[in-house]
Amino acid sequence: MDHYDSQQTNDYMQPEEDWDRDLLLDPAWEKQQRKTFTAWCNSHLRKAGTQIENIEEDFRDGLKLMLLLEVISGERLAKPERGKMRVHKISNVNKALDFIASKGVKLVSIGAEEIVDGNVKMTLGMIWTIILRFAIQDISVEETSAKEGLLLWCQRKTAPYKNVNIQNFHISWKDGLGFCALIHRHRPELIDYGKLRKDDPLTNLNTAFDVAEKYLDIPKMLDAEDIVGTARPDEKAIMTYVSSFYHAFSGAQKAETAANRICKVLAVNQENEQLMEDYEKLASDLLEWIRRTIPWLENRVPENTMHAMQQKLEDFRDYRRLHKPPKVQEKCQLEINFNTLQTKLRLSNRPAFMPSEGRMVSDINSAWGCLEQVEKGYEEWLLNEIRRLERLDHLAEKFRQKAAIHEAWTDGKEAMLRQKDYETATLSEIKALLKKHEAFESDLAAHQDRVEQIAAIAQELNELDYYDSPSVNARCQKICDQWDNLGALTQKRREALERTEKLLETIDQLYLEYAKRAAPFNNWMEGAMEDLQDTFIVHTIEEIQGLTTAHEQFKATLPDADKERLAILGIHNEVSKIVQTYHVNMAGTNPYTTITPQEINGKWDHVRQLVPRRDQALTEEHARQQHNERLRKQFGAQANVIGPWIQTKMEEIGRISIEMHGTLEDQLSHLRQYEKSIVNYKPKIDQLEGDYQLIQEALIFDNKHTNYTMEHIRVGWEQLLTTIARTINEVENQILTRDAKGISQEQMSEFRASFNHFDRDHSGTLGPEEFKACLISLGYDIGNDPQKKTGMMDTDDFRACLISMGYNMGEAEFARIMSIVDPNRLGVVTFQAFIDFMSRETADTDTADQVMASFKILAGDKNYITVDELRRELPPDQAEYCIARMAPYTGPDAVPGALDYMSFSTALYGESDL
């Protein structure tokens, strides 16, 4: 039987005959070891950017085996063979086995040929030997080591937990409570231990495995189903997995500092906390105002009258003039406070301040953008709604006029059509009645267009959601019903008259001709009066000129109309002459029409009176449109000056922020003078606002004389004020950094020159590659070692670095630097962040280790500190600050009232939760 052993006398190096026999007796153990050992190997290989899938296949060429040993040992092995032949693979495996042997481990019956041939048992045995040597051998608890030491550590950590009794590395772990207890003992926030049940091992195991993988970076090496389904889980698999917990939890930090550093650190922390609270309150207030304002702007419930909508427009103007400007200032001040706070945090070696969820500067900018978007939509809606109401009022008035004219015409027509006067009439009277009915039918047909117009206007009012649509619909329906009834009555009367037509022989042609010509002429006059009294609405000079042209064309037709009137009156005069000459019985009234010469003359006179009124209305509207055009030109002239001025100032500020000369104080003075000159321009903005209000009051909706809207001017002005304030704040922060770090003016000038040289697009920021080139130009060494570099790396070191890290340059160190200068991962580096980093690299700053060492001195070299010791050594307010925030010390040497100063110190620097 093949087996392997070690030269060591330690207990963890037991002969492996039992291990081989166990594998032969229980294949489930082999399955567990395959999974556990594979996961353990991958947990280390992933540091070199690779992994294995099949443990007996992927180690056959020896390359990944050598890489695994280099990663876990931190040492370099001999150069591997890159050939694909068997001899190359055996050579690589032998180099790995020689390295294991050099660590004091003797492998018995495990040769390179078995590994290259993919012998499962030999491969698993070799991996177990590696795990024992590099993961378990160095475990030491109270003078016990390796397996016994690991077991004792587990027993002590799980002693306080019910239902947990760790006696071995197989059946004691089957219910999963042991794993959960280890996690809860060190990280109680990750598992609610009180909810776990001993009779639910699958849930317990999966909970422990998932939490360890997610929060402790311990890969999932075991399957819960395999453990529960095996009478005696594999001891080596359990030991391998448990050793990962030991290494994850056994690290401890040590440091040495002095008591005065604690006072300094706590004072800075208290000040920063106050600044954070102030930021949170200001951000919350601003977000709350935005939250309350947006629903008001999103309220699009239309009003029924023009007056109500104009009141809404006036309320919106008050919001723009009175309520919004202070909030713009608050938003600018909030950004300035945030930048100042971040600068102070960097100067005190504290992590960047991360506001609570939803209160980031980006969140506020996003909410502000939503507010401005809703604000723009609300203004557009107000103007569109005013246009709609204006159109509705015009249509409603037109509907009432046409309906009144039609109702006046139809008044009495039904009674007339229901008369049976033809029953007792003479032959001549019957003829007259028939002709009269024909004239009425002609008149009825002439009114068909007006009825259709009335129905079309009512339909349009319904489509535009007119508030008084029910009354309009009722009136329209009544007119249509009456019209249908008139048609039916007209048809019925015609049929009655035609039945008696054979009895009628005479007819007065002159009356008939009069009636036929008078009816169309009467309709023409009524239409002309309706058109002359029709209201109109225009928005441009061109529209009023079109109406004026149409009116002039109408006036040109009046002479021909007057000729037609005289001709119609001549027919009536001829009838009168015939009646007087021949003494006709029907003389006096025209049986074919009710239109009299007096009515024609009266309507004609009315038309002549309406013409000059129409002239006056068109003239007045033309003057109003000329006034509106002057308002457009006045606004356009100012906007075309102010808009480019704002753009020019924005570009000048960008150049000033990049091409700064002289000392920082000189730059700050220059920027403040520049800011004052910009603020002095405000009266011109206010004057433009006044002109814009006049335009809105005149209901002017477009302006062809400029491409700038008032919204463009407002946004540009707000951005200009924010940009100059932000630039001044950046210079102030640079002064603060310079004074705090002792940077000379020459150094600041050198930093600015290097920054500007690589800021080729003059954006005021550097991309990652530009930032790296800038650091190299200043002599900064970018290496993979996070410690200070010598600036040189020999060939072997460089090769080992490539193998272990997978890079061909200092990507890891550069990533660390980028995390400092770009904590929000925006992909750019500002000059302020660049200055902070360059000053930080040479400054002597406090660290968590130094603070812990200071506490250890105050505590008399103990691992904890008491309340009395804190109050004796520290000022009262800072002593109470520590007492309120330090967690109780739970170590084996704890005494009543002992406080944990180690976790408190790491929390001060963001390494854990305070």
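FYI, side chains are in, hydrogens and waters are out, and symmetry mates aren't considered; it's all heavy atoms of this structure.
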Kindly give the heavy-atom pair with the smallest separation between A515 and A439, and that separation in Å.
-> CB-CB, 4.0 Å

Could you tell me whether a side-chain N or O of R632 sits under 3.5 Å from a main-chain N or O of K704, the two making a donor and an acceptor?
-> no

R614 side chain vs D534 backbone, donor-acceptor pair below 3.5 Å = yes

K324/E372 ion pair, N-O < 4.0 Å = yes

Side-chain donor-acceptor contact under 3.5 Å, Q491 with E495 = yes

Please assess Q533 against R613 for the test side-chain contact (heavy atoms from CB on, under 4.5 Å), listing each intermediate value before the final yes or no.
-> CA-CA 9 Å; Q533 297 178 86; R613 296 178 190 174; over 6 Å; no

After noting the C-alpha distance and the side-chain angles of T410 and I479, does the key distance pass the side-chain contact (heavy atoms from CB on, under 4.5 Å) rule?
-> CA-CA 9 Å; T410 59; I479 290 173; over 6 Å; no

Please check if atom CZ in R608 has more than 12 non-hydrogen atoms from other residues, nucleotides or ligands closer than 6.0 Å.
-> no

Measure from the side-chain N and O atoms of S366 to the backbone N and O of S362, and report whether any donor-acceptor pair falls under 3.5 Å.
-> no

Side-chain ion pair, E530 and R450, N-O less than 4.0 Å = yes

Going by the ring pair (Phe, Tyr, Trp, His ring centres under 6.0 Å) test, which pairs reach into residues 433-458, not counting sequence neighbours?
-> W409-H447

Applying side-chain contact (heavy atoms from CB on, under 4.5 Å), run through T593 and N522 and close with a yes or a no.
-> CA-CA 11 Å; T593 182; N522 182 64; over 6 Å; no

Are the charged groups of E438 and K516 less than 4.0 angstrom apart, N to O?
-> no

R493 side chain to Q419 backbone, donor-acceptor under 3.5 Å = yes

So which heavy atom on L558 is nearest to which on V611, and how close?
-> CD1-CG2, 4.2 Å

Compare every heavy atom of T706 with every heavy atom of A639, then report the nearest pair and how far apart it is.
-> CB-OG1, 3.9 Å

Among pairs that include at least one residue of residues 594-604, which meet salt bridge (Lys or Arg N to Asp or Glu O under 4.0 Å), considering only residues two or more places apart or in two chains?
-> E526-K603, E599-K603

Using a strict cut-off of less than 4.0 Å between a Lys/Arg side-chain nitrogen and an Asp/Glu carboxylate oxygen, indicate whether R292 and E288 qualify as a salt bridge.
-> yes

Point-to-point distance, once rounded to the nearest 0.5 Å, from CD1 of I457 to CD of E397 | 11.0 Å

With distance as the sole criterion, is a donor-acceptor pair present between the side chains of Q477 and D481 under 3.5 Å?
-> yes

Using 4.0 Å as the upper bound for N to carboxylate O, is an ion pair formed by K376 and E711?
-> no

What pair of heavy atoms forms the shortest contact from I678 to W717, and how long is it?
-> O-CH2, 3.1 Å

Any donor-acceptor pair under 3.5 Å linking the side chain of N640 with the backbone of G636?
-> yes

In terms of side-chain geometry, is the basic nitrogen of D562 or R565 positioned less than 4.0 Å from the acidic oxygen of its partner?
-> yes

From N573 atom CG to L566 atom CG, the distance as rounded to the nearest 0.5 Å = 10.0 Å

Shortest non-hydrogen separation from N707 to H712 and the atoms involved = O-ND1, 3.7 Å

Inter- and intrachain pairs under ring pair (Phe, Tyr, Trp, His ring centres under 6.0 Å), touching residues 598-620, at least two apart | none

side-chain contact (heavy atoms from CB on, under 4.5 Å) assessment of I568 paired with E564 = CA-CA 6 Å; I568 293 172; E564 177 66 12; 3.8 Å; yes

Would you mind listing every salt bridge (Lys or Arg N to Asp or Glu O under 4.0 Å) that reaches into residues 405-418, with sequence neighbours excluded?
-> E407-R475, E414-R418

Without placing hydrogens or testing angles, list every side-chain donor-acceptor pair under 3.5 Å for residues 718-726, not counting sequence neighbours.
{"from": "T722", "atom 1": "OG1", "to": "E718", "atom 2": "O", "distance (Å)": "2.9"}
{"from": "T723", "atom 1": "OG1", "to": "Q719", "atom 2": "O", "distance (Å)": "2.7"}
{"from": "R726", "atom 1": "NH2", "to": "E335", "atom 2": "OE1", "distance (Å)": "3.1"}

Could I get the full list of ring pair (Phe, Tyr, Trp, His ring centres under 6.0 Å) partners for H406, not counting sequence neighbours?
-> W483

Do T548 and H551 meet the criterion of a side-chain donor-acceptor pair at a distance under 3.5 Å?
-> no

